[in-house]
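Step one of this worksheet: look at the structure below.
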There are 2 protein chains.
Amino acid sequence: MVESRRDSLIAAAAALLDQGGPAAVTLREVGRTAGVSHNAPYKHFADKDALLAAVAGRELDQLARVARARAGATPQPSAKALMTGYVAWALRYPERFKLTFGRWTREEPELAATAAAAHSMLLSAVATAQAQGDLPPGDPERLAGLLQALAHGAADLALSGHLSESGKGRAGPADLVADLFDYLRLAAAEKASQAPVSIGAAGSRHHSDSEPS
Amino acid sequence: MVESRRDSLIAAAAALLDQGGPAAVTLREVGRTAGVSHNAPYKHFADKDALLAAVAGRELDQLARVARARAGATPQPSAKALMTGYVAWALRYPERFKLTFGRWTREEPELAATAAAAHSMLLSAVATAQAQGDLPPGDPERLAGLLQALAHGAADLALSGHLSESGKGRAGPADLVADLFDYLRLAAAEKASQAPVSIGAAGSRHHSDSEPS
DNA sequence: ACCTGAACACCGTTCAAGT
DNA sequence: ACCTGAACACCGTTCAAGT
C-alpha cells in the first residue's frame, strides 16, 4: 500500500513533533518535509489542530494494533503488563504521549472507537486479575481508572522531572506501577480475610467531586 | 505593599492564562492589560518563557502559603487532605496546574526551594500516617511519589476528559484518591499480620526503569 | 533603570488562480 | 480534486532612541 499524501503529511508532522515538540510542528515545515507548499495541508485538514488530531489518531491506532497483537498471544497480557507498556511508551515518545492524552476534545469518531477498544481490553484484564485474587474486588471500571491514573501521573511527572527529585530511592514510573500492584494484591488478601464489604462500589462513595469553595 | 510593575505583569499573564490558556498569553496583550507597551516585559523578564516561569513560581508560592497556614492548625493536615487539596486546586485552576507541573526545566532557584518545602510537608504527613497504620511501611519518599503520581494523573486525565468516559460509576479524581488511601490502609493491615518484609524499600526493587527495547 | 515605537523574521490562515 | 504563490494579521524579539 503506497503512502497517500495525507499519510505523508501526518508522518511529517509526527517526525517534527518527536524532534522538537509541538512548537516545531509548523505547517510550513510540514509542507517542506512532505515536498509540497506550505498550505497544501489545508486541502487535507481543516487547520493545524486537525492535523495534530490526526497525528494523535495514528498513534492511538498503532498502540491498539500492538495491543491487539499481544492479546492474540497466550496468555493474554495482564493488567500490569498493559500499564507497564503504557508507561514505557510514554517515556519513549514523550511528545506523542503528551499530545495524545493532552487534549483531543475534538470529536474525531474513529479516535473514540480505538480508545474504547483499548479501554475494554484493560477492563477484561482487570476482571481476570480480580478473579485470580491479584486485584481486590469492586467495580472494574473504577479500578481501571485508578491504574490508568497512576500510570499516567507517574509517566507525566517523570517526564517533567517532578519525580523523586531528591530521592535516593530513584524510583521511576515503572517502579511506582509495580508498587501499586503489590499494594493492591495485599489489599485483596486483606479483604479476602474480612467481611465482604466492597470498596469503590456505588454504595460506598467517599467524596463528592464537586468544586471546592 | 504596593504592586510592583513586575508583579502586575505576572498578574496580567496569570489572568490571561486562566481565561484562554497559554495561547492567550501574548506579550502584547500582557502589556496592554498592565498598561505598558508590548515590549516593556523584556525589561523584567528575559523572554516569554521566563514570564511564564514567574507565573508558575507565584502559583507555587501561593500554594505553599496556603499549605503552611493549614500546617499551623491542629491537627496537621493529613496526607489524604494534602492530596485532596492538590486535586481540588488542579480542577479549579486547570491552566495554572498544567503550567506549573508541565515544564519549568528552567532552574529558577526560588521555585525549587518552595517545591522542596511542599515536598517535605508531604513526607512528614506520610510518615505520620505510616506510624498510625493508615499507610503501609516502607520508604516514605517512594510512597509519597505514589500518592503524588496518582493525584496528578487523576487530575490530568479528568481535565482531558479521559476519565470514566463511559463509566456509570462517575468516579472523579477525588474518588480515586480516596480509593487509593482505602486500599493502602488495607495493605497496611495485611502487612501487619505478615512477616515484616518491606515493599518499596531499597532491597526489593521490582523493575528496572531503563528504556524498553 | 525603565520605557517606547519602528522594524524583522516567522507563523496560521485566506484567496485568487492554475491543472 | 488538489496544488501554488501572494497576501494579511498576528506574534516574539531586537534595536535605536528617549527620560
Side-chain angles (χ1 to χ4, degrees), chain A residues 1-58 95-96 98-99 102-108 110, chain B residues 1-58 95-96 98-99 102-108 110:
Chain A
M1 173 199 274
V2 304
E3 193 176 46
S4 74
R5 174 133 296 171
R6 182 188 148 95
D7 288 337
S8 71
L9 288 171
I10 295 177
L16 290 170
L17 181 71
D18 284 340
Q19 188 178 348
V25 185
T26 71
L27 291 184
R28 284 168 162 83
E29 194 61 29
V30 166
R32 199 170 302 136
T33 305
V36 292
S37 77
H38 71 281
N39 45 13
Y42 282 96
K43 306 305 165 183
H44 301 271
F45 307 96
D47 52 14
K48 183 181 173 175
D49 258 33
L51 172 58
L52 289 177
V55 172
R58 189 190 74 152
E95 298 297 343
R96 301 187 193 184
K98 290 178 191 168
L99 173 68
R103 45 148 180 77
W104 40 279
T105 322
R106 330 200 133 267
E107 319 218 337
E108 292 289 337
E110 58 167 323
Chain B
M1 172 196 276
V2 303
E3 194 175 43
S4 74
R5 174 133 294 171
R6 182 187 149 96
D7 288 337
S8 72
L9 288 171
I10 295 178
L16 290 170
L17 181 72
D18 285 339
Q19 187 178 351
V25 185
T26 72
L27 291 184
R28 283 167 161 83
E29 195 60 29
V30 166
R32 199 171 301 135
T33 306
V36 293
S37 78
H38 70 281
N39 43 14
Y42 282 97
K43 306 307 165 183
H44 300 271
F45 307 96
D47 53 13
K48 182 180 173 176
D49 258 32
L51 171 59
L52 288 177
V55 172
R58 189 190 74 151
E95 298 297 344
R96 301 185 193 186
K98 290 178 190 168
L99 172 68
R103 47 157 180 70
W104 41 279
T105 321
R106 330 199 133 269
E107 320 218 338
E108 292 289 338
E110 59 166 326

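The chains referred to below are lettered A, B, ... by the order of the sequence lines, with proteins before strands, and numbering in each begins at 1.
Atom CG of B/Asp47 is separated from atom C1' of D/dC11 by 14 Å (rounded to the nearest Å). Protein atom CG of B/Leu9 is 14 Å distant from nucleotide atom P of D/dG12, rounded to whole Å. For the pair B/Phe45 CZ and D/dG12 P, the computed distance is 14 Å after rounding to whole Å. Summarising the geometry, the separation between CZ on A/Arg6 and P on D/dA1 is reported as 16 Å, rounded to the nearest angstrom. Computed from coordinates, the B/Leu52 CG to D/dC11 P distance equals 15 Å when rounded to whole Å. Atom-to-atom, OH of A/Tyr42 to P of C/dC15 comes out at 12 Å; the value is rounded to the nearest Å. Whole-Å rounding puts the B/Lys48 NZ to D/dC10 C1' distance at 12 Å. Regarding B/Leu51, its CG atom lies at a distance of 10 Å from the P atom of D/dT13, rounded to whole Å.
Residue A/Lys43 is in base contact, counting any heavy-atom pair closer than 4.0 Å across all strands shown. The residue A/Val25 sits close only to the backbone: its heavy atoms come under 4.0 Å of sugar-phosphate atoms, none of a base. Base engagement by B/His38 is indicated by at least one non-hydrogen atom pair under 4.0 Å involving a base atom.
Side-chain atoms of A/Lys48 come within 3.5 Å of backbone N or O of A/Val25 as a donor-acceptor pair.
Judged by Watson-Crick or G-U wobble contacts below 3.5 Å, the nucleotide C/dG12 has D/dC8 as its partner. As the counterpart of D/dG18, C/dC2 is assigned, both hydrogen-bonding distances of the Watson-Crick or G-U wobble pattern falling under 3.5 Å.
Contact annotation: A/Arg5 side-chain N/O to D/dA1 OP1/OP2 distance is not under 4.0 Å. Taking side-chain N and O atoms only, A/His44 has a distance below 4.0 Å to OP1 or OP2 of D/dC3.
Atoms CZ and OG, from A/Arg28 and A/Ser37 in turn, are 10.0 Å apart once rounded to the nearest 0.5 Å. Expressed to the nearest 0.5 Å, how far CG of B/Leu9 lies from NZ of B/Lys43 amounts to 13.0 Å. Note that CG of B/Asp18 is 4.0 Å distant from CZ of B/Arg96, once rounded to the nearest 0.5 Å.
Here D/dT4 is the nucleotide among D/dT13, D/dT4, C/dG12 with the atom lying nearest to any side-chain atom of A/Val36. Comparing D/dT4, C/dC11, D/dT13 by their closest approach to the side chain of A/Ala40 singles out D/dT4. Comparing C/dG12, D/dT4, D/dT13 against the side chain of B/Arg28 picks out D/dT13 as the nearest.
In terms of position on DNA chain C, the residue among A/Ala46 and A/Arg32 whose nearest nucleotide sits closer to the 5' end is A/Arg32.
Proximity of B/Leu27 to B/His38: side-chain heavy atoms (C-beta onward) are nowhere separated by under 4.5 Å.
For C/dG12, its base never sits under 3.5 Å from the side chain of A/Asn39 at any donor and acceptor pair.
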